[in-house]
Amino acid sequence: MAELLEISKLSNSSPSFRYLNSPTALARIPIFISVPNSRAQNAKSRKFIKPRRSATCCNQTAVENEALSVNSIRVSRNRRVFFLDVNPLCYKGSTPNLLSFAHWISLFFSQVSLDDPVIAVIDGEKGNEYRRKLLPSYKANRRKMLHRFPSVEKSPVTSVERSHKLVIDLLNKCNVPVVKIEGHEADDVVATLVHQILPKGYRAVIASPDKDFKQLISEDVQMVIPLPELNRWSFYTLKHYIAQNTCDPQSDLSLRCILGDEIDGVPGIQHFAPGFGRKTALKLLKKHGSLENLLSAASVRSVGKQYAQEALTKYADFLRKNYEVLSLKRDVDIQIEEKWLSKRDERNDSVILSSFVDFLSKPRDLKWQNKSHLNGLKAVT
(Lines give C-alpha, C1' and ligand atoms only; values in the text may rest on other atoms or scores of the structure.)
Protein backbone atom coordinates (compact mmCIF):
# COMPACT_ATOMS: atom_id res chain seq x y z
CA MET A 1 0.00 0.00 0.00
CA ALA A 2 2.90 2.31 0.72
CA GLU A 3 3.69 2.80 -2.95
CA LEU A 4 0.18 4.16 -3.50
CA LEU A 5 0.67 7.11 -1.15
CA GLU A 6 1.85 10.50 -2.26
CA ILE A 7 2.45 13.32 0.20
CA SER A 8 3.35 16.84 -0.79
CA LYS A 9 5.97 18.59 1.36
CA LEU A 10 4.72 21.31 3.65
CA SER A 11 5.71 24.86 4.14
CA ASN A 12 5.78 26.16 7.72
CA SER A 13 2.15 27.24 7.58
CA SER A 14 0.43 25.13 4.93
CA PRO A 15 -1.04 21.66 5.35
CA SER A 16 -0.56 19.03 2.67
CA PHE A 17 -3.34 17.26 0.83
CA ARG A 18 -3.01 13.87 -0.79
CA TYR A 19 -5.04 11.14 -2.42
CA LEU A 20 -4.80 7.47 -1.70
CA ASN A 21 -5.79 5.13 -4.52
CA SER A 22 -7.30 1.94 -3.27
CA PRO A 23 -6.82 -1.01 -5.66
CA THR A 24 -10.40 -2.04 -4.98
CA ALA A 25 -12.02 1.38 -5.02
CA LEU A 26 -13.39 3.10 -8.09
CA ALA A 27 -13.24 6.56 -6.54
CA ARG A 28 -10.30 8.49 -5.09
CA ILE A 29 -10.55 8.95 -1.33
CA PRO A 30 -9.31 12.34 -0.16
CA ILE A 31 -7.01 12.17 2.83
CA PHE A 32 -5.70 15.17 4.73
CA ILE A 33 -2.32 14.62 6.33
CA SER A 34 -0.66 17.50 8.13
CA VAL A 35 2.94 16.72 9.01
CA PRO A 36 5.16 18.81 11.30
CA ASN A 37 8.15 20.56 9.80
CA SER A 38 10.84 20.16 12.42
CA ARG A 39 14.59 20.52 11.91
CA ALA A 40 15.21 18.67 15.14
CA GLN A 41 12.98 15.82 14.08
CA ASN A 42 14.68 15.50 10.69
CA ALA A 43 18.08 15.40 12.40
CA LYS A 44 17.13 12.51 14.63
CA SER A 45 18.39 9.02 13.94
CA ARG A 46 17.19 5.75 15.35
CA LYS A 47 19.20 4.21 18.18
CA PHE A 48 19.47 0.64 19.38
CA ILE A 49 18.64 0.00 23.00
CA LYS A 50 21.84 -0.90 24.80
CA PRO A 51 21.84 -4.52 25.99
CA ARG A 52 22.24 -5.22 29.64
CA ARG A 53 25.79 -6.42 30.28
CA SER A 54 26.37 -9.68 32.06
CA ALA A 55 28.36 -9.80 35.29
CA THR A 56 30.76 -12.27 33.69
CA CYS A 57 32.95 -11.12 30.81
CA CYS A 58 32.96 -14.50 29.08
CA ASN A 59 29.41 -14.17 27.77
CA GLN A 60 29.34 -10.39 27.32
CA THR A 61 29.89 -10.62 23.55
CA ALA A 62 27.17 -13.21 23.22
CA VAL A 63 24.70 -11.01 25.08
CA GLU A 64 25.53 -8.01 22.89
CA ASN A 65 25.21 -10.01 19.68
CA GLU A 66 21.91 -11.44 20.82
CA ALA A 67 20.56 -7.98 21.67
CA LEU A 68 21.61 -6.50 18.33
CA SER A 69 20.04 -9.37 16.42
CA VAL A 70 16.69 -9.02 18.19
CA ASN A 71 14.02 -8.01 15.73
CA SER A 72 12.22 -4.68 15.92
CA ILE A 73 9.25 -6.18 17.74
CA ARG A 74 11.31 -7.05 20.80
CA VAL A 75 13.44 -3.93 20.70
CA SER A 76 10.47 -1.58 20.67
CA ARG A 77 8.11 -3.52 22.94
CA ASN A 78 8.24 -0.90 25.68
CA ARG A 79 7.85 2.05 23.32
CA ARG A 80 4.51 3.81 23.44
CA VAL A 81 2.66 5.53 20.63
CA PHE A 82 -0.08 7.96 21.63
CA PHE A 83 -3.17 8.50 19.48
CA LEU A 84 -4.81 11.84 20.23
CA ASP A 85 -8.56 12.05 19.59
CA VAL A 86 -8.78 15.79 18.90
CA ASN A 87 -12.49 16.59 18.59
CA PRO A 88 -13.67 15.84 22.16
CA LEU A 89 -10.89 18.02 23.59
CA CYS A 90 -12.22 21.06 21.72
CA TYR A 91 -15.24 21.20 24.04
CA LYS A 92 -15.75 22.31 27.60
CA GLY A 93 -18.81 20.32 28.57
CA SER A 94 -21.05 20.69 25.51
CA THR A 95 -19.66 24.10 24.54
CA PRO A 96 -16.90 24.44 21.92
CA ASN A 97 -13.84 25.96 23.58
CA LEU A 98 -10.33 26.10 22.11
CA LEU A 99 -8.91 27.36 25.40
CA SER A 100 -10.07 24.08 26.91
CA PHE A 101 -8.24 22.27 24.12
CA ALA A 102 -5.06 24.23 24.87
CA HIS A 103 -5.36 23.40 28.57
CA TRP A 104 -5.71 19.65 28.06
CA ILE A 105 -3.00 19.53 25.40
CA SER A 106 -0.61 21.35 27.74
CA LEU A 107 -1.24 18.79 30.49
CA PHE A 108 -1.01 15.96 27.99
CA PHE A 109 2.37 16.97 26.59
CA SER A 110 3.93 17.88 29.95
CA GLN A 111 2.60 15.06 32.13
CA VAL A 112 1.58 12.17 29.88
CA SER A 113 3.19 11.76 26.46
CA LEU A 114 6.44 13.68 27.08
CA ASP A 115 8.69 12.85 24.09
CA ASP A 116 6.84 9.71 23.00
CA PRO A 117 5.40 9.88 19.46
CA VAL A 118 1.91 11.35 19.19
CA ILE A 119 -0.43 10.99 16.20
CA ALA A 120 -3.49 13.26 16.24
CA VAL A 121 -6.69 12.27 14.45
CA ILE A 122 -9.65 14.50 13.51
CA ASP A 123 -13.10 13.43 12.30
CA GLY A 124 -13.40 13.62 8.53
CA GLU A 125 -16.25 15.36 6.77
CA LYS A 126 -19.29 13.09 6.46
CA GLY A 127 -17.59 10.65 8.79
CA ASN A 128 -20.91 9.58 10.31
CA GLU A 129 -22.70 8.97 7.01
CA TYR A 130 -21.97 5.24 6.87
CA ARG A 131 -23.43 4.60 10.31
CA ARG A 132 -26.33 7.01 9.84
CA LYS A 133 -27.43 5.07 6.80
CA LEU A 134 -27.60 1.98 8.99
CA LEU A 135 -29.20 3.81 11.91
CA PRO A 136 -30.63 7.32 11.28
CA SER A 137 -30.67 8.11 15.01
CA TYR A 138 -26.90 7.60 15.29
CA LYS A 139 -25.37 10.68 17.00
CA ALA A 140 -28.41 12.72 16.01
CA ASN A 141 -28.12 14.80 19.19
CA ARG A 142 -24.54 15.78 18.27
CA ARG A 143 -25.22 17.20 14.83
CA LYS A 144 -26.01 20.68 16.07
CA MET A 145 -23.06 20.68 18.48
CA LEU A 146 -20.60 20.08 15.65
CA HIS A 147 -21.41 23.52 14.23
CA ARG A 148 -21.12 25.54 17.42
CA PHE A 149 -17.51 26.62 17.24
CA PRO A 150 -16.75 30.33 17.73
CA SER A 151 -19.52 32.09 15.84
CA VAL A 152 -19.06 34.06 12.68
CA GLU A 153 -21.58 35.83 10.53
CA LYS A 154 -21.24 33.25 7.76
CA SER A 155 -21.55 29.48 7.55
CA PRO A 156 -21.00 27.64 10.85
CA VAL A 157 -19.17 24.94 8.90
CA THR A 158 -16.62 27.55 7.89
CA SER A 159 -16.19 28.35 11.58
CA VAL A 160 -15.46 24.69 12.36
CA GLU A 161 -12.90 24.55 9.57
CA ARG A 162 -11.18 27.69 10.84
CA SER A 163 -11.00 26.29 14.35
CA HIS A 164 -9.60 23.03 13.03
CA LYS A 165 -6.91 24.91 11.12
CA LEU A 166 -5.83 26.65 14.31
CA VAL A 167 -5.68 23.32 16.12
CA ILE A 168 -3.77 21.65 13.28
CA ASP A 169 -1.31 24.53 13.15
CA LEU A 170 -0.67 24.23 16.91
CA LEU A 171 -0.17 20.46 16.76
CA ASN A 172 2.19 20.72 13.81
CA LYS A 173 4.30 23.30 15.64
CA CYS A 174 4.50 20.80 18.51
CA ASN A 175 5.73 18.13 16.07
CA VAL A 176 2.52 16.11 15.95
CA PRO A 177 1.24 14.76 12.61
CA VAL A 178 -2.51 15.19 12.08
CA VAL A 179 -4.64 12.72 10.14
CA LYS A 180 -8.10 13.51 8.79
CA ILE A 181 -9.85 11.27 6.27
CA GLU A 182 -13.06 12.27 4.53
CA GLY A 183 -15.90 9.84 5.10
CA HIS A 184 -14.38 8.33 8.25
CA GLU A 185 -14.73 9.08 11.94
CA ALA A 186 -11.56 9.55 13.97
CA ASP A 187 -12.44 6.41 15.99
CA ASP A 188 -12.11 4.17 12.94
CA VAL A 189 -8.86 5.79 11.83
CA VAL A 190 -7.38 5.33 15.31
CA ALA A 191 -8.51 1.69 15.45
CA THR A 192 -6.91 1.05 12.06
CA LEU A 193 -3.59 2.67 13.02
CA VAL A 194 -3.51 0.89 16.40
CA HIS A 195 -4.03 -2.39 14.56
CA GLN A 196 -1.01 -1.56 12.39
CA ILE A 197 1.49 -0.66 15.12
CA LEU A 198 0.89 -3.63 17.42
CA PRO A 199 2.68 -6.13 15.14
CA LYS A 200 5.64 -3.72 15.12
CA GLY A 201 5.96 -4.23 18.86
CA TYR A 202 4.68 -0.85 20.08
CA ARG A 203 2.14 -0.31 22.81
CA ALA A 204 -0.75 1.99 21.94
CA VAL A 205 -2.23 4.61 24.25
CA ILE A 206 -5.44 6.29 23.07
CA ALA A 207 -5.95 9.76 24.53
CA SER A 208 -9.70 10.29 24.55
CA PRO A 209 -12.76 10.39 26.80
CA ASP A 210 -14.70 8.35 24.21
CA LYS A 211 -15.95 5.07 25.62
CA ASP A 212 -16.06 3.56 22.11
CA PHE A 213 -12.33 2.92 22.42
CA LYS A 214 -12.80 0.54 25.35
CA GLN A 215 -13.47 -2.26 22.89
CA LEU A 216 -9.79 -2.00 21.84
CA ILE A 217 -8.30 -2.32 25.33
CA SER A 218 -5.83 -5.16 25.83
CA GLU A 219 -2.45 -5.80 27.44
CA ASP A 220 -0.86 -3.63 24.75
CA VAL A 221 -3.63 -1.04 24.27
CA GLN A 222 -4.52 1.46 26.99
CA MET A 223 -6.50 4.65 27.22
CA VAL A 224 -5.65 7.90 28.96
CA ILE A 225 -8.74 9.93 29.81
CA PRO A 226 -9.10 13.63 30.71
CA LEU A 227 -10.83 14.04 34.09
CA PRO A 228 -12.19 17.62 34.40
CA GLU A 229 -13.20 17.12 38.03
CA LEU A 230 -9.58 16.29 38.93
CA ASN A 231 -7.97 18.50 36.29
CA ARG A 232 -5.66 15.75 35.10
CA TRP A 233 -5.32 12.84 32.69
CA SER A 234 -5.79 9.34 34.06
CA PHE A 235 -4.63 6.05 32.54
CA TYR A 236 -7.27 3.38 31.99
CA THR A 237 -5.91 -0.14 31.51
CA LEU A 238 -7.11 -3.69 31.11
CA LYS A 239 -7.08 -4.13 34.90
CA HIS A 240 -9.23 -1.04 35.36
CA TYR A 241 -11.74 -2.28 32.80
CA ILE A 242 -12.09 -5.74 34.35
CA ALA A 243 -12.44 -4.27 37.84
CA GLN A 244 -15.10 -1.83 36.67
CA ASN A 245 -17.14 -4.11 34.43
CA THR A 246 -16.40 -7.62 35.77
CA CYS A 247 -15.98 -8.83 32.21
CA ASP A 248 -13.34 -8.88 29.49
CA PRO A 249 -13.07 -5.95 27.01
CA GLN A 250 -13.84 -8.42 24.24
CA SER A 251 -17.37 -8.45 25.67
CA ASP A 252 -17.63 -4.65 25.85
CA LEU A 253 -18.88 -4.20 22.32
CA SER A 254 -21.41 -7.01 22.66
CA LEU A 255 -22.64 -5.56 25.95
CA ARG A 256 -23.14 -2.09 24.43
CA CYS A 257 -25.01 -3.62 21.48
CA ILE A 258 -27.48 -5.21 23.88
CA LEU A 259 -27.84 -2.27 26.27
CA GLY A 260 -27.58 0.44 23.60
CA ASP A 261 -25.94 3.84 23.87
CA GLU A 262 -28.25 6.76 24.54
CA ILE A 263 -25.53 9.37 23.98
CA ASP A 264 -24.82 8.01 20.49
CA GLY A 265 -28.50 7.48 19.72
CA VAL A 266 -28.29 3.67 19.66
CA PRO A 267 -31.38 2.06 21.28
CA GLY A 268 -30.96 -0.97 23.54
CA ILE A 269 -33.00 -4.13 23.69
CA GLN A 270 -34.64 -2.96 26.95
CA HIS A 271 -36.84 -0.71 24.81
CA PHE A 272 -38.51 -3.89 23.53
CA ALA A 273 -37.94 -6.17 26.53
CA PRO A 274 -37.92 -4.00 29.71
CA GLY A 275 -36.70 -6.86 31.92
CA PHE A 276 -33.58 -7.39 29.82
CA GLY A 277 -31.01 -5.29 31.68
CA ARG A 278 -27.29 -5.15 32.35
CA LYS A 279 -27.28 -8.04 34.83
CA THR A 280 -28.95 -10.41 32.36
CA ALA A 281 -26.72 -9.28 29.49
CA LEU A 282 -23.51 -9.78 31.49
CA LYS A 283 -24.60 -13.22 32.67
CA LEU A 284 -25.33 -14.38 29.12
CA LEU A 285 -22.16 -12.89 27.64
CA LYS A 286 -19.95 -14.45 30.29
CA LYS A 287 -21.39 -17.81 29.32
CA HIS A 288 -21.36 -17.40 25.52
CA GLY A 289 -18.47 -14.98 25.03
CA SER A 290 -19.84 -12.73 22.30
CA LEU A 291 -23.08 -11.39 20.88
CA GLU A 292 -22.88 -13.55 17.77
CA ASN A 293 -22.28 -16.70 19.82
CA LEU A 294 -25.23 -15.78 22.02
CA LEU A 295 -27.56 -15.14 19.09
CA SER A 296 -26.48 -18.37 17.37
CA ALA A 297 -27.14 -20.36 20.52
CA ALA A 298 -30.51 -18.69 21.08
CA SER A 299 -31.60 -19.61 17.55
CA VAL A 300 -31.33 -23.35 18.26
CA ARG A 301 -31.96 -23.71 22.00
CA SER A 302 -32.99 -21.90 25.15
CA VAL A 303 -30.24 -19.76 26.65
CA GLY A 304 -32.08 -18.21 29.59
CA LYS A 305 -35.39 -17.09 30.94
CA GLN A 306 -38.33 -16.86 28.56
CA TYR A 307 -38.28 -13.04 28.21
CA ALA A 308 -34.58 -13.11 27.34
CA GLN A 309 -35.00 -16.00 24.92
CA GLU A 310 -37.86 -14.28 23.10
CA ALA A 311 -36.01 -10.98 22.91
CA LEU A 312 -32.85 -12.56 21.49
CA THR A 313 -34.68 -14.50 18.81
CA LYS A 314 -37.15 -11.75 17.86
CA TYR A 315 -34.65 -8.88 17.78
CA ALA A 316 -31.55 -10.69 16.54
CA ASP A 317 -31.33 -8.54 13.39
CA PHE A 318 -31.73 -5.38 15.48
CA LEU A 319 -28.81 -6.43 17.72
CA ARG A 320 -26.62 -7.30 14.74
CA LYS A 321 -27.28 -3.86 13.29
CA ASN A 322 -26.24 -2.31 16.61
CA TYR A 323 -23.04 -4.33 16.37
CA GLU A 324 -22.30 -3.01 12.91
CA VAL A 325 -22.93 0.57 14.05
CA LEU A 326 -20.91 0.41 17.28
CA SER A 327 -17.95 -1.70 16.19
CA LEU A 328 -14.85 0.25 15.17
CA LYS A 329 -13.44 -0.40 11.73
CA ARG A 330 -9.87 -1.56 11.37
CA ASP A 331 -9.67 -1.39 7.59
CA VAL A 332 -9.64 2.34 6.83
CA ASP A 333 -7.46 2.94 3.77
CA ILE A 334 -4.53 4.57 5.55
CA GLN A 335 -1.02 3.35 6.23
CA ILE A 336 1.06 4.45 9.20
CA GLU A 337 4.45 5.94 8.32
CA GLU A 338 7.67 5.19 10.14
CA LYS A 339 8.52 8.85 10.67
CA TRP A 340 5.34 9.24 12.74
CA LEU A 341 6.84 6.76 15.23
CA SER A 342 9.95 8.83 16.00
CA LYS A 343 10.42 10.51 19.34
CA ARG A 344 8.72 13.90 19.49
CA ASP A 345 10.78 17.04 20.03
CA GLU A 346 8.95 18.70 22.92
CA ARG A 347 11.45 21.44 23.76
CA ASN A 348 9.33 24.31 22.43
CA ASP A 349 5.94 23.11 23.71
CA SER A 350 5.59 25.69 26.48
CA VAL A 351 6.43 28.64 24.23
CA ILE A 352 4.11 27.48 21.45
CA LEU A 353 1.21 26.77 23.80
CA SER A 354 1.63 30.10 25.62
CA SER A 355 1.48 31.93 22.29
CA PHE A 356 -1.64 29.97 21.32
CA VAL A 357 -3.40 30.84 24.60
CA ASP A 358 -2.41 34.51 24.28
CA PHE A 359 -3.79 34.56 20.77
CA LEU A 360 -7.13 33.02 21.83
CA SER A 361 -7.43 35.36 24.82
CA LYS A 362 -7.05 38.57 22.84
CA PRO A 363 -10.24 40.22 21.50
CA ARG A 364 -10.43 39.96 17.76
CA ASP A 365 -12.75 40.78 14.89
CA LEU A 366 -15.50 38.22 14.31
CA LYS A 367 -14.43 38.00 10.72
CA TRP A 368 -11.19 36.29 11.81
CA GLN A 369 -9.18 38.12 9.19
CA ASN A 370 -5.55 37.15 8.80
CA LYS A 371 -3.35 38.85 11.40
CA SER A 372 0.25 38.08 12.25
CA HIS A 373 0.89 36.85 15.75
CA LEU A 374 3.82 35.83 17.88
CA ASN A 375 5.39 32.60 16.68
CA GLY A 376 3.52 32.74 13.41
CA LEU A 377 0.09 31.80 14.75
CA LYS A 378 -2.71 33.26 12.64
CA ALA A 379 -6.45 33.43 12.50
CA VAL A 380 -6.97 31.67 9.20
CA THR A 381 -9.66 32.69 6.75
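The first residue of the sequence shown is numbered 1, and numbering continues consecutively from there. Predicted model, so just to flag it, every value in this text is computed and none were measured.
A salt bridge does not link Glu185 to Lys126: none of the charged side-chain nitrogens sits closer than 4.0 Å to a carboxylate oxygen. Under 4.0 Å is where a charged nitrogen must lie from a carboxylate oxygen, and between Arg131 and Glu324 no such pair does. The existence of a salt bridge linking Arg132 and Glu129 is confirmed by a sub-4.0 Å separation between a basic side-chain nitrogen and an acidic carboxylate oxygen. Between Lys286 and Asp248 there is no salt bridge, since no side-chain nitrogen of the basic residue lies less than 4.0 Å from a carboxylate oxygen of the acidic one.
Here the side chains of Arg203 and Arg79 are not in contact, with every heavy-atom distance at 4.5 Å or above. Within the 4.5 Å cutoff, no side-chain heavy atoms of Val176 are placed close to those of Ile119. With a 4.5 Å cut-off on side-chain heavy atoms, Val86 and Val121 do not count as touching. Here the side chains of Leu134 and Tyr138 are not in contact, with every heavy-atom distance at 4.5 Å or above. Using a 4.5 Å cut-off on side-chain heavy atoms (C-beta onward), Leu84 and Leu89 make contact. Side-chain contact between Gln196 and Arg330 is absent, with no heavy atoms from C-beta onward closer than 4.5 Å. For the pair Val224/Ile206, no side-chain contact is recorded, criterion being any heavy-atom separation below 4.5 Å from C-beta on. Proximity of Ser290 to Leu285: side-chain heavy atoms (C-beta onward) are nowhere separated by under 4.5 Å.
In terms of modelled atom types and a separation under 3.5 Å, the side chain of Asp261 and the main chain of Asp264 share a donor-acceptor contact. Under a 3.5 Å cut-off, the side chain of Ser106 and the backbone N or O of Ala102 do not form any donor-acceptor pair. Side-chain atoms of Asp115 never come within 3.5 Å of backbone atoms of Lys343 as a donor-acceptor pair (strictly under, hydrogens ignored). Remark: side-chain polar atoms of Asn322 are paired, donor with acceptor, to backbone N or O of Cys257 under 3.5 angstrom. Between the side chain of Gln222 and the backbone N or O of Phe235 there is no donor-acceptor pair closer than 3.5 Å. Of the possible polar contacts, none joining the Ser100 side chain to the Cys90 backbone as a donor-acceptor pair under 3.5 Å is found. Thr280 contributes no side-chain N or O that, together with a main-chain N or O of Phe276, makes up a donor-acceptor pair within less than 3.5 Å. Judged purely by atom type and a 3.5 angstrom limit, Ser299 uses its side chain to pair as donor or acceptor with the backbone of Ser296. Remark: side-chain polar atoms of Ser361 are not paired, donor with acceptor, to backbone N or O of Asp358 under 3.5 angstrom.
The CG atom of Leu198 lies 6.0 Å from the CG atom of Asp220; values are rounded to the nearest 0.5 Å. Here OH of Tyr91 is found 13.0 Å from CZ of Phe101. Values are rounded to the nearest 0.5 Å. Once rounded to the nearest 0.5 Å, the distance linking CZ of Phe213 with CG of Leu328 reads 6.5 Å. Atom CG in Asp85 sits 10.0 Å away from atom CD1 in Ile122 (nearest 0.5 Å). Note: Tyr307 OH to Leu312 CG = 10.0 Å, rounded to the nearest 0.5 Å. Within the model, atoms CG of Asp187 and CG of Leu326 stand 11.0 Å from one another, a figure rounded to the nearest 0.5 Å.
Linking Ile, Leu, Val, Met, Phe, Trp and Tyr residues whenever their side-chain heavy atoms come within less than 4.5 Å leaves Trp104 and Leu114 in two separate clusters. Hydrophobic clustering of Ile, Leu, Val, Met, Phe, Trp and Tyr side chains at less than 4.5 Å, counting indirect connections, keeps Leu294 apart from Val300.
Ring geometry for Tyr315 against Phe318 counts as perpendicular: the plane angle is over 60°, on a 0 to 90° scale with 30° as the lower cut.
Checked by atom type, the side-chain pair Arg347/Asn175 shows no donor-acceptor distance below 3.5 Å. Side-chain contact of Asn231 with His103: a donor-acceptor pair under 3.5 Å is present, judged by distance alone. A side-chain donor from one of Gln244 and Tyr236 sits under 3.5 Å from a side-chain acceptor of the other. At a cut-off of 3.5 Å, with distance as the only test, a side-chain donor of His240 or Thr237 sits close to an acceptor on the other residue.
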Apply side-chain contact (heavy atoms from CB on, under 4.5 Å) to Leu238 and Val221, showing your working. CA-CA 8 Å; Leu238 177 61; Val221 181; over 6 Å; no

Pair Glu219, Lys239 - check salt bridge (Lys or Arg N to Asp or Glu O under 4.0 Å), show working. CA-CA 9 Å; Glu219 289 288 351; Lys239 290 182 179 179; over 6 Å; no

Do Leu98 and Lys92 pass the side-chain contact (heavy atoms from CB on, under 4.5 Å) test, and can you show the C-alpha distance, the side-chain angles, and the key distance before you say yes or no? CA-CA 9 Å; Leu98 292 185; Lys92 186 174 183 179; over 6 Å; no

Apply the test side-chain contact (heavy atoms from CB on, under 4.5 Å) to residues Phe82 and Arg80: give CA-CA distance (whole Å), side-chain angles for both, the deciding distance (0.1 Å), then the verdict. CA-CA 6 Å; Phe82 286 86; Arg80 300 180 301 180; 3.6 Å; yes

Test log, rule side-chain contact (heavy atoms from CB on, under 4.5 Å), inputs Gln215 and Ser327: CA-CA 8 Å; Gln215 62 188 268; Ser327 60; 4.3 Å; yes

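Remark: Lys214 is not positioned above the aromatic ring of Tyr241, lacking an NZ or CZ atom under 6.0 angstrom from the ring centre and at most 45 degrees off the axis.
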